[in-house]
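As structure tokens, the structure follows; a few thoughts come after it.
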Amino acid sequence: MMAIKIVTDSSVELTPQEIQQYDIRVVPLNITIDGKNYVDGRDITKSEFMTKMAAAKALPSTSQPSIGDFLNVYDELGRAGNQILAIHMTEGLSGTVNAARQASVISTSDVTVVDSGFIDRGLSFQVLAAAKMAQEDAAMADILARITEIKAHTKLYVAVSTLANLVKGGRVSRGAGLVSSFLNIKVVLELADGKLEPIVKGRGQKTLTKFVDSQVTALSQMPHVAGVGIPYAGDRAFAEQIGQDIHAVVPNAPILVSPTSPIVATHTGPGAFAIIYYTD
């Protein structure tokens, strides 16, 4: 039987240990800061990116891997006799999954491409489940059924201190952005069906604190929380506090509190954080 190898992109939030243990291949996106190009994760670290973004004259931009980048990975894995399952961030936020699809058509390897519908740790939940099942020699159909199930039970909320970056990057409408630039408005958005929709708006930090409290309460009442991610852009202490509060109500769920990728931080801006989880 052919082995199944898992491929994803660098918007994913995985620990180095997870990548190594489950033999996951991460294809990097590209970042441009004031005209200088960086390969995500190779030329620039997460903390370096936050420093450079703060000092940049213009908003950094991100670009998806080229079709050739994907093709090289697919051909290499295929030559070794593997099937490939490529799971990527939502098409609603990036053309990455489309580049992966185009490469899969050109490649002579057996490649299946999936739009996770999510990003960051929401993407990781599917990638990790797929990689674990692949190591246990599960069939492709069973892996696909499992990640479809995880996708249906995943929630992703992102809180931003300013909508400026999301508006400039075209990820939310200008109408929603203008409001927050005039007042000290904090916004919580939900990523659902590939779109970021504002669900909470309010003035000051208490808006975000109240939202976190409501999420902690909601999680405490859920029957089986299988995983939680608290990615953040900048404010580590606040993110770690959220992680502790959630751990207190769902002590058995694995929780990862980590700085988000430059791919995500570019669009959320500094001070953002997310609460991402799935239930079984």
Side-chain angles (χ1 to χ4, degrees), residues 13 46-47 49-51 53-55 59 92-93 118-122 125 153-193 195-222 225 227-251 253-279:
E13 194 53 55
K46 292 172 176 181
S47 59
F49 173 77
M50 293 306 292
T51 305
M53 179 167 72
L59 180 70
L93 298 179
F118 289 97
I119 197 166
D120 206 287
R121 197 63 180 172
F125 296 150
H153 292 97
T154 298
K155 290 282 186 190
L156 188 157
Y157 301 102
V158 57
V160 294
S161 294
T162 166
L163 280 175
N165 289 35
L166 280 164
V167 172
K168 281 182 201 161
R171 295 318 190 266
V172 294
S173 76
R174 193 161 290 281
L178 289 171
V179 186
S180 76
S181 55
F182 287 126
L183 303 162
N184 177 24
I185 287 194
K186 310 290 184 185
V187 182
V188 179
L189 306 108
E190 180 176 7
L191 179 60
D193 302 320
K195 292 191 185 74
L196 280 171
E197 296 293 346
I199 55 165
V200 175
K201 284 184 190 176
R203 297 183 77 165
Q205 189 65 21
K206 70 176 186 301
T207 302
L208 301 185
T209 309
K210 222 164 98 176
F211 171 73
V212 170
D213 291 346
S214 74
Q215 284 302 304
V216 172
T217 303
L219 283 160
S220 72
Q221 292 160 3
M222 287 176 197
V225 179
V228 181
I230 315 290
Y232 61 89
D235 194 346
R236 180 178 172 177
F238 189 51
E240 285 181 343
Q241 185 58 56
I242 297 169
Q244 287 165 20
D245 293 349
I246 291 175
H247 177 69
V249 298
V250 283
I255 299 172
L256 179 67
V257 179
S258 62
T260 191
S261 72
I263 302 307
V264 178
T266 295
H267 299 294
T268 62
F273 67 88
I275 297 176
I276 310 170
Y277 59 86
Y278 78 106
T279 54

Listing request: all salt bridge (charged side-chain N to carboxylate O under 4.0 Å, His left out) pairs with a residue in residues 255-271, at least two apart in sequence or in separate chains. none
Solution key, residues 211-219 side-chain donor-acceptor pairs under 3.5 Å, sequence neighbours excluded:
from: Ser214; atom 1: OG; to: Phe211; atom 2: O; distance (Å): 2.6
from: Thr217; atom 1: OG1; to: Asp213; atom 2: O; distance (Å): 3.0

State, with a plain yes or no, whether a side-chain heavy atom of Leu191 is found less than 4.5 Å away from one of Leu93. yes
Is there side-chain contact between Arg236 and Pro259, with at least one heavy-atom pair below 4.5 Å? no
As an exercise, state the distance from CZ of Phe118 to OG1 of Thr154, rounded to the nearest 0.5 Å. 5.0 Å
Residues that Phe125 engages under ring-ring contact (aromatic ring centres under 6.0 Å, His included), provided they are two or more places apart: Tyr278
For residues Arg121 and Leu256, report the shortest heavy-atom separation together with the two atoms involved. NH1-CD2, 3.4 Å
With side chain to side chain contact (heavy atoms under 4.5 Å, CB included) as the test, would you mind laying out the steps for Ile275 and Ile230 before giving the verdict? CA-CA 5 Å; Ile275 297 176; Ile230 315 290; 4.2 Å; yes
Tell me the closest heavy-atom pair linking Thr260 and Ala233, and the distance in Å. CG2-CB, 4.2 Å
List the residues meeting side-chain hydrogen bond (donor to acceptor under 3.5 Å, both in side chains) with Lys46, not counting sequence neighbours, and say none if there are none. Glu13
Considering all heavy atoms, the nearest Ala265-Met50 contact: CB-SD, 3.8 Å
Value for NE2 (His267) from CG (Leu196), rounded to nearest 0.5 Å, stands at 10.5 Å
Nearest 0.5 Å, please: how far is CE in Met222 from NE2 in His153? 11.0 Å
Measure across Asp120 and Ser261 and return the closest heavy-atom pair with its distance rounded to 0.1 Å. OD2-N, 4.4 Å
Going by side chain to side chain contact (heavy atoms under 4.5 Å, CB included), name the residues that satisfy it together with Ala192, two or more places apart in sequence or in a different chain. Glu190
Minimum heavy-atom distance Val257-Gly243, with the two atoms named: CG2-CA, 4.0 Å
Contacts of Thr207 meeting side-chain hydrogen bond (donor to acceptor under 3.5 Å, both in side chains) (sequence neighbours excluded), chain-then-number -> none
Results of side-chain hydrogen bond (donor to acceptor under 3.5 Å, both in side chains) for Gln241 - residues two or more places apart only: Asp245
Considering non-hydrogen atoms only, spot the tightest contact between Pro198 and Val187 and give its length. CB-CG1, 4.0 Å
Flag the pair Leu208 / Phe273 as yes when at least one side-chain heavy-atom distance between them is below 4.5 Å, and no otherwise. yes
Pairs in or reaching into residues 259-276: which pass salt bridge (charged side-chain N to carboxylate O under 4.0 Å, His left out), with residues at least two apart or in two chains? none
Contacts of Asp235 meeting side chain to side chain contact (heavy atoms under 4.5 Å, CB included) (sequence neighbours excluded), chain-then-number -> Ala237, Phe238
